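Here's the structure we're looking at; comments come further down.
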Amino acid sequence: MTFINSKQIFKKRVLVVGAGLVGMTTALRLAQSGVQVVLVDRAKPATGASWAAAGMLAPAFEAADEPSAHENLFELCLAGADAWRGFAPWLQAYSDTSLDYFGMGAFACAINEPQENRLDVLEAACISRNLPCRRLSGNKARKLDASLSQDVRSVLLLPTDQQIDNWAVIGALMAALAEAGVQVIPDIKITEINRIKSKWEIAALGLFDNVIWTAGVNSGDEISIDGQPAQLLREGVIIPVKGQMLALDPIEGAPKQVLRFGNGYIAPKSTRVIVGATSEWEVADKAVVDSDIEELLKNASQICPVLQDAEIKMTWAGVRPGTSDHAPVIGWSNYDGIAVAAGHYRNGILLAPLTADILTRLIMEEELTPLEKGFELARFNEGGMATKTTETVE
Ligand SMILES: Cc1cc2nc3c(=O)[nH]c(=O)nc-3n(C[C@H](O)[C@H](O)[C@H](O)COP(=O)(O)OP(=O)(O)OC[C@H]3O[C@@H](n4cnc5c(N)ncnc54)[C@H](O)[C@@H]3O)c2cc1C
């Protein structure tokens with residue numbers, strides 16, 4: 001891996017707006033491709049959804065897509081997991097930081113009939129997509145993982161689903177960005193962009209060949225372009241989806257791999273055991289409600305009783321950038337030279353390195369694959385609803 005030194009002639013100058021995982025990985029990839037990059041955030045870098053996440057890299061869970069989901073979201077998620085397979089070992093070695101990147105798979109657990117029916121659907125979807133999976137009785141699953149309670153009736157093993165410590169990734173990326181020569185500027189809120197010939201000017205930051213909007217749940221409708229109110233993404237495309245979570249202190253007897261059940265999950269890291277998450281559509285506040293946290297812990301303890309004895313280390317809420325088809329928008333905006341990557345909903349950690357690759361090829365004027373082209377802004381109508389515009393990619 002080569003990095004740019006100060007004498008290098010840059011191919012382009014690009015501004016990346018929003019230093020979540022999507023913006024940070026994109027800035028890094030661009031810098032590694034010979035682009036001079038400025039990465040700004042209206043707050044401290046990576047204090048939005050990327051910090052709030054559980055760090056699951058879970059393509060198999062997307063296999064049983066809901067009827068409204070983008071028809072190729074599952075394929076995109078698989079490609080996202082592939083991208084991590086190359087990126088995580090590199091970042092781990094490069095930063096000399098453990099990222100807790102596990103390929104241990106996940107257990108989807110059922111404790112009642114509706115949950116077993118859901119596992120049936122997920123199992124059928126995995127099989128139809130040639131994705132490895134294995135159904136076990138509760139007793140067989142308890143032999144593999146003694147943390148499971150007697151209430152667990154059956155389990156679907158999902159060997160493709162992995163996880164990573166997103167907090168460790170953020171630290172490692174900050175170091176890599178500095179090394180790659182990316183200028184990272186906190187506490188700058190971008191509200192105004194002006195065209196100067198073929199370039200874009202941002203006050204105090206200068207001229208850029210391209211701007212990339214990676215501002216998470218902020219869809220950019222407060223922005224003005226050439227003095228006019230502008231919309232980088234159509235109104236209504238990005239839908240806030242609040243998620244409350246808690247972290248427990250690590251405890252003896254906790255599971256070693258991710259456990260999923262109903263709408264919840266347990267994601268054990270070296271330094272904490274994450275229990276998540278609420279899913280509150282069209283809610284954008286970050287308030288933590290005690291009764292919701294109690295409910296999350298109660299449900300998790302029913303799957304894994306040892307968690308009842310663990311101390312709560314922290315509680316928090318984050319806001320996922322959702323879309324009507326649960327899939328991200330990655331591509332050009334309606335403005336020449338301004339790209340967007342937003343709406344990663346519950347898969348933004350999984351999809352960050354892949355999104356960075358796609359955006360880098362876009363900026364370098366390289367061809368995108370048919371799969372990647374299916375996630376452009378054009379699929380949304382005036383009301384912000386996704387319409388079916390793509391062919392299914394086999
Ligand atoms: C509770 C919860 C659990 C989750 N679990 C997972 C998981 O297990 N796996 C997974 O893959 N995904 C998960 N997600 C989803 C994932 O966190 C998001 O999809 C992803 O973090 C989005 O990344 P981002 O970089 O687009 O946005 P963010 O991380 O939100 O970053 C956007 C940044 O843009 C900045 N910004 C906004 N407006 C401006 C402006 N005008 N000027 C400058 N900067 C600006 C913000 O300050 C912010 O730092 C979870 C999310 C939540 C909330």
Side-chain angles (χ1 to χ4, degrees), residues 15-27 38-59 61-62 76-77 80-81 84 106 161-166 169-170 173 184-193 202 205 211-224 232 238 240-247 258 260 264-267 269 274-280 283-284 286 288 292 296 315-323 326-330 340-356 359:
L15 175 70
V16 180
V17 182
L21 234 61
V22 173
M24 292 169 101
T25 49
T26 301
V38 178
L39 171 63
V40 297
D41 200 286
R42 66 180 173 188
K44 210 168 146 257
T47 46
S50 300
W51 180 87
M56 294 178 295
L57 309 174
F61 226 69
E62 293 301 327
L76 193 78
C77 288
W84 269 111
D161 286 8
Q162 306 166 357
Q163 63 162 331
I164 201 156
D165 183 340
N166 45 310
V169 170
I170 289 165
L173 274 172
V184 182
I185 313 179
D187 303 318
I188 292 196
K189 184 175 175 188
I190 301 297
T191 53
E192 208 182 317
I193 308 178
I202 285 91
L205 298 176
V211 175
I212 308 182
W213 190 262
T214 55
V217 81
N218 178 359
S219 57
D221 46 13
E222 299 164 357
I223 205 160
S224 92
L232 292 177
I238 303 297
V241 188
K242 176 177 171 180
Q244 300 181 56
M245 304 224 286
L246 65 139
V258 169
R260 308 199 70 143
Y265 50 78
I266 301 164
K269 316 280 182 201
I274 293 177
V275 176
T278 63
S279 190
E280 303 162 54
V283 182
K286 291 193 187 169
V288 175
D292 290 339
L296 288 171
T315 59
W316 68 92
V319 186
R320 305 170 187 91
T323 60
H326 301 181
V329 181
I330 309 170
V340 289
H344 289 69
Y345 181 39
R346 61 184 181 208
N347 289 308
I349 309 301
L350 170 65
L351 294 173
L354 176 67
T355 303
L359 287 171

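Keep in mind it's a predicted model, so treat the numbers as computed, not measured. Every number for a ligand or one of its atoms is a count from 1 in the order of the listing. All residue numbers in this chain count up from 1 along the given sequence.
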Restricting to non-hydrogen atoms, name the atom on [X] and the atom on [Y] that form the minimum distance, rounded to 0.1 Å.
X: I274; Y: A53; value: CD1-O, 4.3 Å
X: V319; Y: A49; value: O-CB, 3.5 Å
X: I223; Y: W213; value: CD1-CZ3, 3.5 Å
X: A54; Y: K269; value: O-NZ, 2.6 Å
X: E280; Y: T278; value: OE2-OG1, 2.6 Å

State the atoms of ligand 1, each with its element, that fall below the 4.0 Å cut-off from a heavy-atom position in [X].
X: G318; result: 53 (C)
X: V22; result: 23 (O), 24 (P), 25 (O), 26 (O)
X: H344; result: 19 (O)
X: M245; result: 1 (C)
X: G243; result: 1 (C)

Among all protein heavy atoms, pick the one closest to [atom] and tell me residue, atom and distance.
atom: atom 38 (N) of ligand 1; result: N218 ND2, 2.8 Å
atom: atom 5 (N) of ligand 1; result: A54 N, 3.2 Å
atom: atom 41 (N) of ligand 1; result: I190 O, 3.2 Å
atom: atom 10 (C) of ligand 1; result: R346 O, 3.1 Å
atom: atom 34 (O) of ligand 1; result: G18 CA, 3.2 Å

Regarding [atom]: of the candidates [options], which has the closest heavy atom?
atom: atom 9 (N) of ligand 1; options: M56, Q163, R42, K44; answer: M56
atom: atom 14 (N) of ligand 1; options: A352, A53, A19; answer: A53
atom: atom 48 (C) of ligand 1; options: T278, D41, V17; answer: D41
atom: atom 21 (O) of ligand 1; options: G348, S50, A342; answer: S50
atom: atom 22 (C) of ligand 1; options: G20, G343, P321, G216; answer: P321

Checklist entry - Is any side-chain heavy atom of L21 less than 4.5 Å from a side-chain heavy atom of H344? => result no

Checklist entry - Does the side chain of L39 reach to within under 4.5 Å of the side chain of P45, using non-hydrogen atoms? => result no

Are the side chain of [X] and the backbone N or O of [Y] linked by a donor-acceptor pair below 3.5 Å?
X: T214; Y: A341; result: no
X: R320; Y: P240; result: no
X: W316; Y: K286; result: no
X: D41; Y: P186; result: no

Item to check | Working for side-chain contact (heavy atoms from CB on, under 4.5 Å), residues L76 and L351 | outcome: CA-CA 8 Å; L76 193 78; L351 294 173; 4.0 Å; yes

Going by distance only, is there an N or O of [X] that falls short of 3.5 Å from an N or O of ligand 1?
X: A341; value: no
X: I349; value: yes
X: L350; value: yes
X: T47; value: no
X: A49; value: yes
X: R320; value: no

Next on the checklist: As an exercise, state the distance from CD1 of I170 to CE of M24, rounded to the nearest 0.5 Å.
Outcome noted: 6.5 Å

Checklist entry - How long is the gap from CG on L232 to CD1 on I238, to the nearest 0.5 Å? => result 11.0 Å

Check contact between [X] and ligand 1, using heavy atoms of the residue and a distance below 4.0 angstrom.
X: I188; result: yes
X: G55; result: yes
X: W213; result: yes
X: N347; result: yes
X: Y265; result: yes

Using a heavy-atom cut-off of under 4.0 Å, does the side chain or the backbone of [X] touch ligand 1, or both, or neither?
X: Y345; value: backbone
X: T214; value: backbone
X: L21; value: backbone
X: K189; value: both

Checklist outcome for this item: side chain to side chain contact (heavy atoms under 4.5 Å, CB included) test vs I193 passes for just one of V17, L15, I202, namely I202

Checklist entry - V241 and S279: side-chain contact (heavy atoms from CB on, under 4.5 Å), yes or no, with the steps? => result CA-CA 6 Å; V241 188; S279 190; 3.7 Å; yes

Item to check | Pair V258-F61, side-chain contact (heavy atoms from CB on, under 4.5 Å): steps then yes or no | outcome: CA-CA 12 Å; V258 169; F61 226 69; over 6 Å; no

